[in-house]
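Here is the structure we will look at, set down as structure tokens.
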Amino acid sequence: MSHWFRKTFPVPPLSCNCSILADLHTKEAIVVDPGGNSEKILYELQSLNLRVLAIVHTHAHLDHFLASGKIKEATGAPLCLHKKDQDLWNILEIQCRMFGVPYIPVPPPDLEIQEGETITVGQFSGLVLHTPGHTPGSVCFYFDETGILLTGDTLFRGGIGRTDLWGGDSQAIEHSIREKLYTLQEKTIVVPGHGPESSVGWEREYNMFVTA
Ligand SMILES: [Fe+2]
């Protein structure tokens, strides 16, 4: 466990939490949701001499992948996305216009990720949970042994993701949270796509939007 590394920090333009997960022993890493500020993300990777195996996305809203092209260019790592968010990825330029954010082209995803798939980071591994609702292809990443759940915009501390954007579904997000996230160990740390961290137990107890 001592060589497990995680750094999470908000990136512009919309304060998405980007995470770097790494095994400091093997120097292998993944980047989750590089929504902007590629310079900072690359600096963090280089300062620990990490090799990026994959760039993974919880979903294809602009603020979660605007820097993905730059990170791929610099590291050679593949871009990974659930196929049900491919349509959203394709309309990045429209998303940017709608939110008044300068458009930065991003190449298409290289690999599909799907429910039950394993994401490997050195000797650590995480599970892909398909949690539709915020978007059709929203996923969470659950690293059992390190007790971390990256929830993207599906679950926030005391809140849930909006469902009024393209492909949003309020019944689906409730079902995803109840059946796939609230069933995990209570002490699991929730690292959301925006805002402060939480835990599965805290959300089960206090989240007013989806009760256990
Ligand atoms: Fe989102």
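What you are looking at is a predicted structure, and each value in this text was computed from that prediction instead of being measured. Atoms within each ligand, like the ligands themselves, are counted from 1 in listed order.
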Item checked: Where the Fe ion (ligand 1) is the vertex, angle from H134 NE2 to D153 OD2 to 10° -> 100°
Notebook entry, point to check: So, K7 and E44, do they make that salt bridge, N to O below 4.0 Å?
Noted result: yes
Check: Do any of the N/O/S atoms of H64, backbone or side chain, fall under 2.8 Å from the Fe ion (ligand 1)?
Finding: no
Side-chain donor/acceptor pairs under 3.5 Å, residues 70-79, sequence neighbours excluded:
from : atom 1 : to   : atom 2 : distance (Å)
K72  : NZ     : D110 : OD1    : 3.1
K72  : NZ     : D110 : OD2    : 3.3
T75  : OG1    : I71  : O      : 2.7
T75  : OG1    : A77  : N      : 3.2

Item checked: Heavy-atom donor-acceptor pair, D85 side chain to G137 backbone, under 3.5 Å -> yes
Margin query: Among the N, O or S atoms of H61, which one sits nearest to the Fe ion (ligand 1)?
Written below: ND1
Notebook entry, point to check: Taking N37 for the side chain and K40 for the main chain, is one N or O donor matched with an acceptor at less than 3.5 Å?
Noted result: yes
